[in-house]
Amino acid sequence: MTLTAPGSVQADSSAGGPVPPSPARGLVCRNCGATFGLIAEHACAECFGPLEVDYDPELMRAVTREQIEAGPQNIWRYAALLPVGQDPAARVTLDPGMTPLVRADRLAAELGLTGGLWVKDDSANPTHSFKDRVVSLAATAAKRLGYSKIAAASTGNLANSVAAHAARVGLPSFVFIPSDLEPGKVVQSAVYGQTLVAVDGSYDDVNRLTSELAETDEFEDTAFVNQNVRPYYAEGSKTMGYEIAEQLGWRIPAQVVIPMASGSLLTKVDKAFRELTAAGIVEATEWTVFGAQSAGCDPIATAFDNGWDVVKPVKPTGIAKSLNIGNPADGPYALDAIRRTGGAVGRVDDAQIVQGIRDLARTTGVFAETAGGVTTAVLRQLVEDGRLDPAKETVVLNTGEGLKTLDPLEPVVGPTHRVSPSLSSVRTAGLIS
């Protein structure tokens with residue numbers, strides 16, 4: 001299975017005009033540099049390293065701000081910078097993106113940040129997480145590659161998005177999740193009426209199982225979005241970086257704090273900034289990337305602290321289940337991006353995560369899931385220990401909706417008062433004099 005030859009103009013779309021070329025010219029190994037066509041493969045045949053999309057720099061440099069700004073109010077405004085999706089009629093998508101960039105002045109004042117603080121709030125996507133970005137790219141690529149089904153191993157948000165995309169277009173899907181996933185994420189996956197399989201094990205166990213399933217005859221017509229079409233899937237995360245720069249008036253923030261599970265989101269936001277700079281869409285500048293992990297699953301943080309180039313797997317624990325990937329595939333590349341930009345990695349425990357959720361909600365009106373609590377708590381930690389410059393403009397990422405992870409909050413939040421339906425009771429409670 002191979003995509004259309006790079007750079008070629010496709011047949012007319014249903015809109016009636018010629019479809020612009022994809023800037024993708026093939027896949028390239030991130031380890032040894034071996035090149036391949038635009039195929040359905042995620043591992044290098046030469047060294048087994050991970051593959052990513054390689055782009056024609058001339059086509060990327062031809063893209064202008066005006067071209068992007070004239071596009072739709074979703075990720076497809078950046079189609080000229082993506083591997084697939086140039087033809088609107090060929091997209092399998094919920095049209096995610098252009099989520100709010102929320103100015104967080106009250107949180108900034110509380111933390112002592114003077115350079116400006118923003119929250120990129122991806123809970124506003126159709127299934128309320130950033131995973132809609134990556135699934136739209138993966139599902140569109142799967143259709144182009146000739147697959148008739150989609151599937152995924154997931155810690156929750158990806159499961160929600162895969163099931164919803166499949167439901168939108170009537171495509172069969174198979175989603176595999178750890179059986180101890182948060183109830184809200186299980187319900188949101190199940191409601192779309194697709195196949196949902198709970199596996200008694202960790203996400204890493206689930207991921208191994210789906211890797212084996214992908215090699216069976218029964219699943220040969222199935223695109224596992226974060227495995228055999230992973231190079232295309234991962235590119236969806238770049239759109240968050242593109243949007244941040246555009247929403248800031250076509251500039252890159254000096255500092256960005258990003259939660260890490262596999263580490264892919266961090267590497268792709270950094271890649272987006274590099275691509276915008278290389279294409280001349282934004283002015284060349286420096287930025288610093290910071291990673292955020294839960295103390296219950298901190299293999300990248302541990303590698304960073306010890307100066308390792310490899311990431312040693314851990315057994316995940318803790319409430320931030322969407323970040324509980326004990327063997328992160330993109331960990332070494334996340335480390336590279338953090339070190340190259342002069343950043344750092346923070347880790348926070350469950351109590352700090354809950355407080356981070358509450359702090360973000362209380363000061364910005366943004367209700368984050370546990371991953372957002374990790375990022376907010378790590379931001380506080382980085383400021384307090386002097387690793388993040390309070391005088392520089394900073395963006396933190398909220399990748400999912402708080403309604404998906406209510407369990408950790410139920411013991412610590414609730415009504416501030418309880419009264420009977422009478423003025424005297426309200427007066428006794430101190431609400432009126």
Side-chain angles (χ1 to χ4, degrees), residues 99-130 156-157 160 180-188 190-191 257 259 292 294-296 317-323 346 348-385 388 390 394-433:
T99 56
L101 186 67
V102 179
R103 180 124 193 161
D105 291 340
R106 292 188 62 224
L107 181 59
E110 188 171 294
L111 299 180
L113 294 169
T114 59
L117 176 64
W118 302 85
V119 178
K120 180 58 172 170
D121 184 18
D122 251 30
S123 68
N125 276 317
T127 70
H128 310 291
S129 89
F130 87 100
N157 286 323
N160 300 164
D180 66 348
L181 205 59
E182 298 99 334
K185 291 180 179 177
V186 175
V187 170
Q188 191 181 348
V191 74
V257 185
S294 159
T317 62
I319 62 173
K321 293 183 179 179
S322 64
L323 302 183
V348 286
D349 62 26
D350 286 356
Q352 292 171 299
I353 294 168
V354 170
Q355 189 60 52
I357 295 171
R358 299 180 72 182
D359 289 345
L360 186 63
R362 176 175 50 79
T363 60
T364 68
V366 173
F367 183 19
E369 69 165 9
T370 48
V374 170
T375 308
T376 304
V378 165
L379 171 66
R380 179 183 293 276
Q381 181 187 87
L382 292 169
V383 173
E384 291 177 349
D385 64 20
L388 184 142
T394 303
V395 175
V396 298
L397 273 54
N398 174 42
T399 52
E401 167 63 59
L403 292 173
K404 297 186 179 198
T405 57
L406 293 173
D407 288 3
L409 292 167
E410 288 176 348
V412 294
V413 299
T416 57
H417 300 79
R418 185 168 183 170
V419 301
S420 61
S422 68
L423 286 178
S424 61
S425 180
V426 174
R427 184 173 290 108
T428 300
L431 295 173
I432 61 174
S433 58

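Quick caveat, the model's predicted, so the values are computed rather than measured. This chain uses plain numbering: 1 for the first residue, then up along the sequence. These values consider heavy atoms only, across backbone and side chains, with no hydrogens, waters or symmetry-generated copies.
Atoms OG1 and NE2, on Thr99 and His128 in that order, are 13.0 Å from each other to the nearest 0.5 Å. One finds the CG atom of Asp105 at 8.0 Å from the CH2 atom of Trp118 (value rounded to the nearest 0.5 Å). Atom CG in Leu379 sits 9.5 Å away from atom CD in Glu384 (nearest 0.5 Å). Distance check, rounded to the nearest 0.5 Å: CD of Glu401 to CG of Leu406 gives 8.5 Å. With rounding to the nearest 0.5 Å, the separation of CG in Asp350 from CD1 in Ile319 is 4.5 Å.
Across every non-hydrogen atom of Thr317 and Ser294, the tightest pair is O-OG, 4.4 Å. In plain terms, the two heavy atoms of Ala124 and Pro100 that are nearest each other are CB-CD, 3.5 Å. Smallest separation of non-hydrogen atoms from Val374 and Ala320: CG2-CB, 3.9 Å. Nearest heavy-atom pair, Leu403 versus Phe367, reported as atom, atom and distance to 0.1 Å: N-CE2, 3.7 Å.
Looking only at side-chain heavy atoms (C-beta outward), Val396 and Leu107 stay at 4.5 Å or farther from each other. When side chains are defined from C-beta on, Pro390 does not count as touching Leu111, because their heavy atoms never get closer than 4.5 Å. Between Val348 and Arg380, the closest side-chain pair of non-hydrogen atoms is not below 4.5 Å. Thr399 places none of its side-chain heavy atoms less than 4.5 Å from the side chain of Asn157. A heavy-atom distance below 4.5 Å is found between the side chains of Thr370 and Ile357.
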task = Report the C-alpha distance between Gln355 and Asp359 in whole Å, list the side-chain angles of each, state the deciding distance to 0.1 Å, and finish with yes or no for side chain to side chain donor-acceptor pair (under 3.5 Å).
result = CA-CA 6 Å; Gln355 189 60 52; Asp359 289 345; 2.8 Å; yes

inquiry  = Could you walk me through whether Ser322 and Lys404 satisfy the side-chain contact (heavy atoms from CB on, under 4.5 Å) test, starting with their C-alpha distance in whole Å, then the side-chain angles of each, then the deciding distance to 0.1 Å, before giving a yes or no?
reply    = CA-CA 10 Å; Ser322 64; Lys404 297 186 179 198; over 6 Å; no

request  = Quick one: do Glu110 and Thr363 satisfy side chain to side chain donor-acceptor pair (under 3.5 Å)? Show the steps, please.
outcome  = CA-CA 9 Å; Glu110 188 171 294; Thr363 60; 6.0 Å; no

task = Just do the side-chain contact (heavy atoms from CB on, under 4.5 Å) check on Leu388 and Leu113 with the steps written out, would you?
result = CA-CA 10 Å; Leu388 184 142; Leu113 294 169; 3.8 Å; yes

query = Passes side-chain contact (heavy atoms from CB on, under 4.5 Å), Gln352 versus Val378? Steps please.
reply = CA-CA 9 Å; Gln352 292 171 299; Val378 165; over 6 Å; no

inquiry  = Please determine whether side-chain contact (heavy atoms from CB on, under 4.5 Å) holds for the pair Val102 and Asn398, giving the CA-CA distance in whole Å, both sets of side-chain angles, and the decisive distance to 0.1 Å.
reply    = CA-CA 10 Å; Val102 179; Asn398 174 42; over 6 Å; no

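The backbone N or O of Thr127 lies less than 3.5 Å from no partner atom in the side chain of Asn125, so there is not a single donor-acceptor pair. For Arg427 (side chain) and Ser433 (main-chain N/O), a donor-acceptor pair under 3.5 Å exists by modelled atom type. Panel note: side chain Arg106, backbone Arg362; a donor-acceptor pair is recorded below 3.5 Å. Of the possible polar contacts, none joining the Asp180 side chain to the Glu182 backbone as a donor-acceptor pair under 3.5 Å is found. For the pair Ser425 (side chain) and Pro421 (backbone), a donor-acceptor distance under 3.5 Å is absent. Although no hydrogens or angles enter the test, the distance criterion places a donor-acceptor pair under 3.5 Å between the side chain of Asn160 and the main chain of Lys185.
With a 6.0 Å radius and a threshold of 12 heavy atoms from other residues, nucleotides or ligands, Leu423 has its CG atom at or below the threshold.
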